[in-house]
Amino acid sequence: MAKSIDVSDLNIYYGDFLAVEGVSMTIKARSVTAFIGPSGCGKSTFLRTLNRMHEVIPGAHVEGKVMVDGQSLYDPSVDPVEVRRMIGMVFQRPNPFPTMSIYENVLAGVRLNNKKLSKRDADDLVEKSLQGANLWNEVKDRLNKPGMGLSGGQQQRLCIARAIAVEPQILLMDEPCSALDPISTSAIEDLIHQLKEQYTIVIVTHNMQQAARVSEDTAFFNLAGAGKPGRLIEMNPTKKIFSVPDEEATEAYISGRFG
Amino acid sequence: MTSLQTAPDTIAQARVRRLPRFAPAIAGAVALAAGTLLGISLGWNVAGIVVVAVLLYLVGLNIWSRLVENARAATDRMMTSLIWVALGLAFIPLVSLLYKVITKGAPQLNGRFLTWTMRNVIGEPGGIYHAIIGTLLITLAATVISVPVGLLSAIYLVEYGGESRMARWIRFLVDVMTGIPSIVAGLFAYALFAIVVGPGTQFGIGGGVALSLLMIPIVVRSTEEMLKLVPNDLREASYALGVPKWKTIVRVVLPTAMAGIITGVTLAIARVIGETAPLLIICGNTDSSNFNLFGGQMASLPVFIYSSYTQPGRNPEILQNMAWGGALVLIIIVMALNLIARIAGRIFAPKTGH
Ligand SMILES: Nc1ncnc2c1ncn2[C@@H]1O[C@H](COP(=O)(O)OP(=O)(O)OP(=O)(O)O)[C@@H](O)[C@H]1O
Ligand SMILES: [Mg+2]
C-alpha cells in the first residue's frame, strides 16, 4: 500500500524567510529516493513538509502543492495528525522517549493513538517491529529496560522500529546514519533495502556512497549563497546522477570539487 | 620552584614540592591553638577566638605554601580555604537555628503534645493536635487550588503561548504575583469572603485561598522551567507518530518533566506552610480541633506559635515552651516534605542506564 508523492512548485518559508523555492518532483512508490546537497540547502526543511511536520515550527508555512496518491496533502480539510500517522519520520538524532522502556517505546505510536491492544498482539507487534528494525536479537532479553540505555545506533534502530510499528505507508529519514558507526550504518542500509518492499522511503544523506548504495532516485539540492533559498537542481535515477548528471553543479558536488 | 614562564623540558622538571596531605589540618590546629592562647590571655569570647584563628589559618597556610610550594599552589589553597570559610558562615545561622529549636522544642514532644488540643486546658501543658490538623488541611486546600491552576498556566505558557502578547502578559502578572506580600494575600481573601459569604467570615478555606495566591506563581514559574527543559526532539518524535498535541503534552512532555514539577510543587508548599500573617486574618484561631474547612475558625501551627508567644496568658512559661515544640513540629513537617519531594523525584525521573 505504498504511495507516491507529487510535489509541484513548492515554496517553503520560516516566517518571512524563504528557505526553499520552487521544488517540483515525483517520488515513486515502493522505492528509495535520496536527497543530497550542501548543508543549509533545505533538505531537512523540504523533507519535513512531506508529512506536515514543518508547520509545527511557529511561523513556518508553505506555498504550492504536495499530492500523495492524487490527494492534496495541504488541503484545508486534511488533518495533519492523520497525515503523520500515514507518513512516518526518523530524525537525525535518535530520540527515544526517556520515560519509557524499549517495549513501550516501540508501542508508543499505537498506544498514544488510543488503540487498545491485547497483550498477545502487543507482544507480536513489538517483536515484529524490532525484527523489522534489525534490533530484536540485541534487546529481546531486556525489553523492559529504558530505551535511553541503548547505544546510539541501537537507539536509532529503536526509533525506526517505533516508526514502522504504526505501519505508515511512507517513511521519511533525515540523515538516519549520521551519528552511527559503519556496522550500525550497514544494518540500517540493509533495513532500508527490506523496507522498500512495503514502504516508500525518502532519505536525506551527506554520504554519497550511501545514496549510491541504497537509492533508486537521487535529488540534488543546492543554494546560490547564504541567505538565498535552496533549490532542486536535478533529480534523476541514482545511476545516472552518479555517472552522467545533467547539470554541471551536480557533477561538481558529487566529485567533491565543491561544497 | 618551577617557573611559570618556561615550559619544563622533562617530567622531572615538572615535579614540584608539595606540602603534606594533612597540611591544612596542621595549619588549622596551630591556628586554633594560637588563637585560643591569644584569646584567653586577652580575655576574648569564643567568636573573637574563632575569627582570629580563621585569619591566622588563612595567612599561615598561604605563607607556608608560598615558601614550600609555589605562588599558584598558595593561591589555590587560599581560594579553597576562603570557600570553606564562606560555607561555614552560611551554615552558622542554619545550625544555630536548628540547635535552638531542637533543644527548646524536643523536650515538649510527647504523645500528649501531639494528640491533645488546647480545649479546656488551664495551667498545664496541652497539645497542638488542632494546630497540626489545621495546618495540614489549609495547606492541602492551597495545594489543591494551586497545582491545577499553576500547572495549566505553565502548560499554556510553554506549549501554546510562546511569545504571544497574551503569554507575555501572563508572565508579567505572575511575576507581579510573586511579589505580593503575604499579609496582602490574607487581606484580599478576607475582603473577598466578606463580600461572598458575609462580613467577618473566618474559616479554613479562606486560608487556603490566601496561601494559594502565594503558591500559584511559584508553581507556574518552576513548572514552566521544567517544561522548557523537555527537548523539542521528543515533542517532534511524538507528532511524527501521529499523536495529537494535547496527548503529546499529557503522555510525553509531562511525564518527562514530572520529577521536576513535583519538586517545584513541594518547595512551593514548604514555602507557604509557615505563613502566619494571612492565616491570622482569615482563619482566626481556636483552641479546639476543627476538621471543617468551610465553617468556623481554624488553628494552624504558625498562628499557634505566634499567639502562644505573644498572648501566653497566666502561664507564659508553659505556653512559650509549647510554642517551641510547635516550631519543631513545623520544621519536621517541612523537612518531611522535602524528603518526599526527593524520593518522588527519584521515582519519576526519566530512567537511563541498564
Ligand atoms: N527552525 C528554523 N527557523 C528558521 N530558519 C530555519 C529553521 N530551520 C532551518 N532554517 C533555515 O532553513 C534553511 C535550510 O535548513 P535545513 O535545516 O533544511 O538545511 P539542510 O539541508 O537540512 O542542512 P543540513 O545538511 O546541515 O542538515 C537554512 O538556511 C536554515 O538556516
Ligand atoms: Mg538537515
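Residue numbers start from 1 in every chain, and the chains themselves are labelled A, B, ... in the order their sequence lines are given, proteins ahead of strands. Both backbone and side-chain heavy atoms feed into the values below; hydrogens, waters and symmetry mates do not.
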*To the nearest 0.5 Å, how far apart are OG1 in A/Thr99 and CG in B/Leu254?*
10.5 Å

*asked:* Minimum heavy-atom separation for B/Pro244 and A/Arg85, please, with both atom names.
replied: CD-NH2, 4.0 Å

*asked:* So for A/Pro96, is it side chain, backbone, both, or neither that comes closer than 4.5 Å to the heavy atoms of chain B?
replied: backbone

*Let me see the working for A/Arg162 and B/Leu241 under side-chain contact (heavy atoms from CB on, under 4.5 Å), right down to the final yes or no.*
CA-CA 8 Å; A/Arg162 182 175 68 184; B/Leu241 291 169; 3.8 Å; yes

_I want to check something: taking the side chain as every heavy atom from C-beta on, are A/Arg93 and B/Asp233 in contact at a cut-off of under 4.5 Å?_
yes

*Got B/Ser238 and A/Phe97 here, is their nearest side-chain heavy-atom distance under 4.5 Å?*
yes

*Would you name the heavy atoms of A/Met53 and B/Tyr239 that are closest together and state the gap between them?*
SD-CB, 3.8 Å

*Could you tell me whether B/Glu236 and A/Arg48 make a salt bridge, using a distance below 4.0 angstrom between a side-chain N and a carboxylate O?*
yes

_Heavy-atom proximity to chain B below 4.5 Å, by part of A/Ile87_ = backbone

*Crowded around A/Glu55 CD? As in, over 12 foreign heavy atoms under 6.0 Å?*
yes

_Looking at every heavy atom in both A/Met100 and B/Arg251, which two are closest together, and how far apart are they?_
CE-O, 4.3 Å

*Is a side-chain donor or acceptor of B/Lys247 paired with a backbone partner of A/Leu112 at a separation under 3.5 angstrom?*
yes

*Is the number of heavy atoms from other residues, nucleotides or ligands under 6.0 Å of A/Lys128 NZ greater than 12?*
no

_A quick test of your reading: do over 12 heavy atoms of other residues, nucleotides or ligands sit less than 6.0 Å from CZ of B/Arg342?_
no

*Part of A/Phe91 lying under 4.5 Å from any heavy atom of chain B*: side chain

*Please test A/Asn113 against B/Val243 for side-chain contact (heavy atoms from CB on, under 4.5 Å), starting from the C-alpha separation and ending with a verdict.*
CA-CA 6 Å; A/Asn113 283 324; B/Val243 181; 4.1 Å; yes

*asked:* Taking B/Leu234's backbone N and O only, do any of them form a donor-acceptor pair with A/Asn95's side chain (distance below 3.5 Å, no angle check)?
replied: no

*Would you say A/Ile183 has more than 12 foreign heavy atoms packed within less than 6.0 Å of its CD1?*
no

